[in-house]
Amino acid sequence: MSTIITQLPPMLNENWDAQTDYSISNAAFNAKLAVTSSGGSGYPLHIDNPQGLTVGDTRKLTFILYLNPSHSPSQGGDLVLHLRDGVKVSVPPAGGSAVAFWSDCIPHSVMETSKEMEGEEYDRYAITIWLPTDDIRMIHDPASPFAGLKLD
Ligand SMILES: O=C(O)CCC(=O)C(=O)O
Ligand SMILES: [Fe+2]
């Protein structure tokens with residue numbers, strides 16, 4: 001995990017162009033390992049950083065790594081990104097897959113995990129790392145093409 005935290009910001013920052021320099025910080029804001037058991041609750045629709053600078057929250061990028069090597073679609077627990085024009089993108093929490101999205105504007109939800117099947121317990125493991133920006137103008141930037149995705 002520390003490898004992700006140290007290598008992701010420089011990797012991303014090398015690839016912005018002049019107009020979209022999101023200046024992802026080398027300082028990880030926070031990280032969590034979430035474990036949801038079979039038949040566990042999901043997350044309702046939310047934005048990770050809805051209040052931003054009003055509460056001093058500079059989180060810009062949410063990076064999630066899933067650790068479920070034998071995941072099957074019937075186990076549920078998909079992350080759903082709610083994009084513009086009603087477009088939804090489902091991300092199954094399959095082991096080894098990772099997803100990144102803007103913490104300050106992309107609404108997302110997580111489907112409930114299915115009840116245990118044939119006596120088999122299913123735990124859903126997700127590591128989330130939130131990366132702040134060093135350029136606070138990037139938080140809730142109205143010029144961002146994603147600005148319209150924010151739910152108030
Ligand atoms: O575990 C996931 O797929 C997403 C979790 C999430 O949205 C959150 O912790 O804010
Ligand atoms: Fe979230």
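Ligands are counted one by one from 1 in listed order, and the atoms in each one are counted from 1 as well.
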If you count the atoms of ligand 1 from 1 in the order shown, which ones are under 4.0 Å from a heavy atom of Tyr66?
-> 2 (C), 3 (O)
Nearest heavy atom to atom 2 (C) of ligand 1 wins, so pick from Arg124, His46, Met111.
-> Arg124
If you count the atoms of ligand 1 from 1 in the order shown, which ones are under 4.0 Å from a heavy atom of Lys32?
-> 8 (C), 9 (O)
Have Asp21 and Ser23 got a donor and an acceptor in their side chains that come within less than 3.5 Å?
-> yes
In ligand 1, which numbered atoms sit nearer than 4.0 Å to a non-hydrogen atom of Val110?
-> 2 (C), 3 (O), 4 (C)
Just say parallel, tilted or perpendicular for the rings of Trp16 and Tyr22, cut-offs at 30° and 60°.
-> perpendicular
Which of the atoms in ligand 1, numbered in the order shown and given with their element, are less than 4.0 Å from a heavy-atom of His108?
-> 7 (O)
Compare all side-chain heavy atoms of Pro132 with those of Ser25 and state whether any distance is below 4.5 angstrom.
-> yes
Specify side chain, backbone, both or neither for Asp48, according to which of its non-hydrogen atoms lie closer than 4.0 Å to ligand 1.
-> side chain
Using a strict 4.0 Å threshold on nitrogen-to-oxygen distance, state whether Lys60 and Asp104 make a salt bridge.
-> yes
List the steps, then state whether ring-ring contact (aromatic ring centres under 6.0 Å, His included) holds for Phe101 with His108.
-> CA-CA 10 Å; Phe101 52 89; His108 56 283; 4.5 Å; yes
Minimum heavy-atom separation for His140 to Pro50, with atom names?
-> CE1-O, 3.2 Å
One finds that the ligand 1 atoms under 4.0 Å from a non-hydrogen atom of Ala126 are 1 (O)
Measure Ile64 to ligand 1 on non-hydrogen atoms and call it side chain, backbone, both or neither using the 4.0 Å cut-off.
-> side chain
